[in-house]
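Note: hydrogens, waters and symmetry copies are ignored here, and every other heavy atom, side chains too, is used. All figures in this text were calculated on a predicted structure; none of them were measured in a lab. First the proteins, then the strands, lettered A, B, ... as listed; each starts at 1.
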Amino acid sequence: MLANIGLAALTVSFLLGIYATAVSAYGGWRGDARGLALAESARNATLLVVPFLTISVLVVTYALYSLDFRLAYVAGVSSRAMSPFLRLTALWGGQAGSLLFWSWLMAGFVATVLWRKWEADHELMPYFIAVAMLTTTFFIGLVVFITNPFAQLWHLTGSGEIVEAVFRPAGAIAFVPPDGNGLNPLLRHFGMIGHPPTTYLGFTGFVIPFAFAISALLTGKSREDQWIRTSRRWTLVAWIFLSIGLVLGGRWAYDVLGWGGFWGWDPVENAMLMPWLTGTAFLHSVMITEKRGMLKVWSVILIILTYALALFGTFITRTGVISSVHAFGKTALGPVFFVFIAVTFFGSIWLLLKRLDTLKTEHELESFLSREAAFLFQNLLFLAITFVVFLGTVFPLLSEAVTGTKITVGPPYFQKATGPLFGALVLMMATAPLFAWRKQSAGRLGRAIFTPFIGSILIAGVWGYTHRMHPGSYFALWVASFVVIAILFEFYKGIRARMKRGENPLVALARLVGRNHRRYGGYVIHLGVMMIGLAFIGDIYFQDETQRALARGESMTLGEYELRFDDLEMYPGSDGREVLEATTSLFRDGEFVANLNPRRDFFVVQQQPMTIPDVYTTAAEDIYVLLVGWEEVGLTSSTFKIYRNPLILWAWVGGLVLILGTGIAVWPEARRKKQTSYVLKPTTRAATAARPATGD
Amino acid sequence: MAEMTKRPWFLPLLLLLTALAFVPAVRAQDRVIGDDEVNAVAKNLYCPVCPNTPLDVCETQACQDWRAEIRIQLSSGWTEEEVMAYFVERYGERVLAEPERGGFTSLVWILPVVALVVGLAIVIQALRSWRARKQQAVAGDVAALAADAGTVSPEARARIERELQDLL
């Protein structure tokens, strides 16, 4: 039976993982030639884990596709009514499958890193394998022992119960249900192909910088800089996947959940946001570490924190602990996971404290008006936002544990508590890139900021004069336009300087970016983030809604828009759903603009309704129409809810710009050997003296 | 059998009267309440049964009933605060989207401010101490630099100029 092959492959990959972890740790500890040979063997074992896990993944995928309902996992998430596409995505539609998928991606990441040449940092390799494979093996272990996708359904002849077990319990016969339960209806969406895999790639990818940091600390290589460059590059890879995952998740919520927005401060969303925030902070602080040899300890803390938060995010989404403390003990998953996170986090911090001497700063701060200082404040803001999000996410649990009262911490809290912090952060985004390293004269900074500052004040002022009702929005718009103008102004200045040397504007732009793609890629990323920020401003300050019951032919209005209810029909849809679909016409200032067909899908087996909006999108705003109620008899009247969502389009455009910017920033450095006589990070006498003469 | 299913004629009336007794304040100004007014109140409440779903968008039958209840309350003249208080009393604090600002719950509002202030203090303190150390170091370096001054050769100068140009 195919499932046995999958199970065997899974078990082998678990054993290989244990072997790789143990042998590489021992090899690293020996540290001699024999130790390196052992690490080499561990490396081969790690590379073997991937094909074995791939076999497991393929077997589960095939079982889902071919509807092998003997497997409890397949019976749980696949069904005859589901399309082949959805059956394949069901791989990550339930607990066991998603943890298997997770382990596979993580093993893939680790193997990719091991594939590369280990020349400059071969001493790191043994411990890198040990740390990365310890985590990977932990996840494979969860899949083997706690939520095994190869567990089958058994019919106990004595009690007549149906149980799940990997091996046949005594006196049981195999049980094959005629049909499966199928995926949760909310997951039956095209977004299922994009959002979970990118999110998982983001989460699992953070194991790489973490393993580099820990192995650098363990070997004392943390004294050198190479590992932090490597960490930065891999963090960027994980970060961009997590960013894409966040944007796609928002898009999915907008298309499927039917509440008119894209971000609801749900614990699962927060779980993704937190590592993204600390990861972003790290990507900034690491620049100071690279360029100036400062903030090393802080960068390591951010790596550890980001990784711990990625694990925590998986923990709360996979165990359901946030909705109630009682979900914690339901399976062994909660406690085991919790202990693993605690050990990872506190173990790493302990190691960091022991190795503090290897992370001496090479330079001192010269001025409060410097990019170093600006980055420090910016990092503080990122951490403060992370703290607020964390507190708001776990507070219901705390409250239930301490006072016994269940409370809700909803969007109003998060908006109020993070709003000012985000505002300050965006201000830093406008100004910090203009600060020079080391020291900035106030006069020069003033001149650099002058144009964007005046420009943004003008824009916000004109806007505020014409739209007086939302005072918060003037400020939000001011900071947003400040950033955008500051960035565009930077491009303008660079291009103008090159044009003076006789280049045409396009060549000047290409060369400007090419010469310093990290810097200008960073600016493009900032532009993308600001576009997403615009969507938030629109969502928080300017969303408008109305709801009414309409008879056929009747209309309702929202501002200059008018929606006419034309028809309502019911028909059986695919995937085992009853579809109720309305036909409406949308008019703007009396002119017809679009036919919209909001739907209500009712999944019969799951008894679960889904409200699917239809949306009319322009660059300025979305008109988002929901069918929220209807007359059962004769389908003669329906209730519609219309949202006007300003600037939402920019969230998705911003996501694309973000990807573009990251692409520019990670574009490999040109091979041309640079001949320079300057060193950005000269070693001062003080720093040399502070360094111990001998290693370890 | 027929005897048993026969209900007294006054039972529906009795039920209606009982129901009316439970509507706490039937005020004179009964008026028609639109969906928008109901949603405006429901937005600030969370569905008491489904996790993390605001009451104005919740799909379940229970939530539709609760919205109907809000409509009745509003049409009989209740204020938004009275409706909220009623739901909190019946289903507990967790129906509030925004946590209360009292008791243990006030911590969720206070702690972020405390954390930010402590963080700021740490950052400023760190910056200060770094700068102080720097200034000591600079005093030593200045003398050495003075000795080096004027030793930059013309070739080196030209090269610096060239590379600065390249940096653009």
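A:Gln547 and B:Asn39 share a donor-acceptor pair across their side chains, judged by distance under 3.5 Å alone.
When side chains are defined from C-beta on, A:Lys641 counts as touching B:Val57, because their heavy atoms get closer than 4.5 Å. Proximity of B:Pro54 to A:Trp259: side-chain heavy atoms (C-beta onward) are nowhere separated by under 4.5 Å. A:Phe387 is listed as a side-chain neighbour of B:Leu111, based on a closest heavy-atom distance under 4.5 Å. Contact annotation: the side chain of B:Ile124 approaches that of A:Phe377 to within less than 4.5 Å [non-hydrogen atoms, C-beta and beyond].
For B:Asp56, the parts sitting under 4.5 Å from any heavy atom of chain A are the backbone and the side chain alike. Interface residue A:Val409: backbone and side-chain heavy atoms are both found under 4.5 Å from chain B. With a threshold of 4.5 angstrom between heavy atoms, A:Thr418 does not approach chain B through any atom at all. Interface residue A:Thr405: only side-chain heavy atoms are found under 4.5 Å from chain B. For a residue to count as touching a neighbouring chain, one of its non-hydrogen atoms must lie under 4.5 Å from one of that chain's; by this rule B:Phe104 touches chain A with backbone and side chain alike. Residue contact with chain B, scored on non-hydrogen atoms closer than 4.5 Å, involves the side chain of A:Phe395 exclusively.
Ranked by heavy-atom pairs under 4.5 Å with chain B, the list A:Leu391, A:Leu257, A:Leu383 is led by A:Leu391. When each of A:Met610, A:Glu545, A:Gln415, A:Gln608 is checked for heavy-atom pairs under 4.5 Å with chain B, A:Glu545 comes out on top. Among A:Ser399, A:Ala384, A:Gly264, A:Gly392, the residue with the largest count of heavy-atom pairs under 4.5 Å with chain B is A:Ser399. In terms of heavy-atom pairs under 4.5 angstrom with chain B, the leader among A:Ile385, A:Thr546, A:Leu381, A:Val388 is A:Thr546.
Using modelled atom types, one side-chain atom of A:Tyr413 and one backbone atom of B:Val108 make a donor-acceptor pair closer than 3.5 Å.
Interface residues of residues 113-122 of chain B toward chain A, defined by a heavy-atom distance below 4.5 Å and sorted by number: B:Ala115, B:Leu116, B:Gly119, B:Leu120.
Remark: B:Arg94 does not engage A:Glu400 in a salt bridge, criterion side-chain N to carboxylate O under 4.0 Å.
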Please assess B:Leu96 against A:Thr408 for the test side-chain contact (heavy atoms from CB on, under 4.5 Å), listing each intermediate value before the final yes or no.
CA-CA 6 Å; B:Leu96 292 176; A:Thr408 300; over 6 Å; no

Let me see the working for B:Leu127 and A:Leu376 under side-chain contact (heavy atoms from CB on, under 4.5 Å), right down to the final yes or no.
CA-CA 9 Å; B:Leu127 289 173; A:Leu376 217 51; 3.5 Å; yes

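Interatomic distance, A:Met556 CE to B:Asp36 CG, rounded to the nearest 0.5 Å: 7.0 Å.
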